[in-house]
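What follows is a short report on a single structure.
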Amino acid sequence: MEIHRYETLWFGASLLLIVGFIGTITYGAVGVGIEMVNDDGGTVDPDNLSDHERFGDTGVHQINETHYEVNMIAVHPSFIPADIEIPEDSTVTFYLTASDVTHGFNIAGTNVNSMIIPGQITELTAEFDETGEFGYVCNEYCGSLHHEMAGTISVVPQEEFDMIELSGDVPDSVPTNETLTLNASVTNNEFKTIDRTVTVNIGDRTLEESMTVESSKTNEVSVTVDPAALGTGEYDWRIEIDNHVEKGQVTVEEPDASGGRS
Ligand code: CUA
């Protein structure tokens with residue numbers, strides 16, 4: 001049977017197209033590191049996330065010198081936590097879950113992109129070699145404020161990064177016949193024990209206390225000052241560890257005027 005030249009040509013061209021289509025689909029599915037959402041990350045009860053070992057403790061956790069884990073919950077219309085900070089040259093594994101409806105997680109300009117499904121833990125690993133700000137968004141329609149579901153990953157220089165949290169506890173006022181206690185609470189989220197000096201300033205006095213905090217622990221130091229020696233008036237206080245600062249004011253009052261501590 002004689003096949004017309006044009007018919008052979010069209011046949012060849014359409015065969016080429018079909019092969020081309022299959023090729024692009026295959027590449028799109030597996031060629032650029034795309035994985036389907038699966039339950040490899042495990043499952044979780046979306047109604048009891050606060051009891052979960054991971055999602056009861058959201059945020060950034062250091063695993064070793066260069067590896068960090070981020071536990072994050074998507075709940076309309078935000079991510080918890082929304083803005084995170086990590087150091088450059090780090091590998092970050094994200095553990096994500098949703099507590100209400102299906103959300104998405106897409107770091108702009110990267111191939112980090114996944115659905116976040118209630119009841120499932122999505123695990124994603126990305127490397128951050130350069131400093132800068134990476135925005136991420138929810139790219140799965142999830143409700144009226146879907147467009148507001150976004151956050152930032154700040155990649156900062158190694159020397160500017162630490163995982164220490166400081167909180168200061170100082171009363172607003174103290175009578176001269178009591179003791180003024182300035183309390184500093186330091187949480188160490190680094191993977192190793194830290195030894196630091198806490199500097200406390202009150203009025204023109206500077207007091208220093210050294211402290212050791214084990215990994216994943218919180219430790220407190222207190223310094224006491226005799227308010228009578230300061231005299232009545234308002235005093236600025238400041239508690240400092242590394243580049244973390246807490247400050248405020250305390251009023252030293254006559255015993256009668258205070259009527260006890262506020
Ligand atoms: Cu969450 Cu859209």
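All values derive from a computational prediction rather than experimental measurement. One-based numbering, in listed order, for ligands and for the atoms of each.
- The N, O or S atom of His103 with the smallest distance to atom 1 (Cu) of ligand 1 is ND1.
- Atom 1 (Cu) of ligand 1 has no N, O or S atom of Thr102 closer than 2.8 Å.
- At least one N, O or S atom of His146, from either the backbone or the side chain, sits less than 2.8 Å from atom 2 (Cu) of ligand 1.
- Partner Tyr68 forms a ring pair (Phe, Tyr, Trp, His ring centres under 6.0 Å) with one of Tyr95, Phe161, Phe128 and no other, that one being Phe161.
- Here the N, O or S atom of Glu140 that is nearest to atom 2 (Cu) of ligand 1 is O.
- Between Glu133 and Ser154, the side chains place a donor N or O and an acceptor N or O closer than 3.5 Å (distance only, hydrogens not considered).
- In summary, the side chains of Thr93 and Thr125 do present a donor paired with an acceptor at a separation below 3.5 Å, with no hydrogens or angles considered.
- Between Asn183 and Ser222, the side chains place a donor N or O and an acceptor N or O closer than 3.5 Å (distance only, hydrogens not considered).
- Checking Glu165 against Asn189 by side-chain atom types alone, a donor-acceptor pair falls below 3.5 Å.
- Vertex atom 1 (Cu) of ligand 1; arms to Cys142 atom SG and Cys138 atom SG; angle 120° (nearest 10°).
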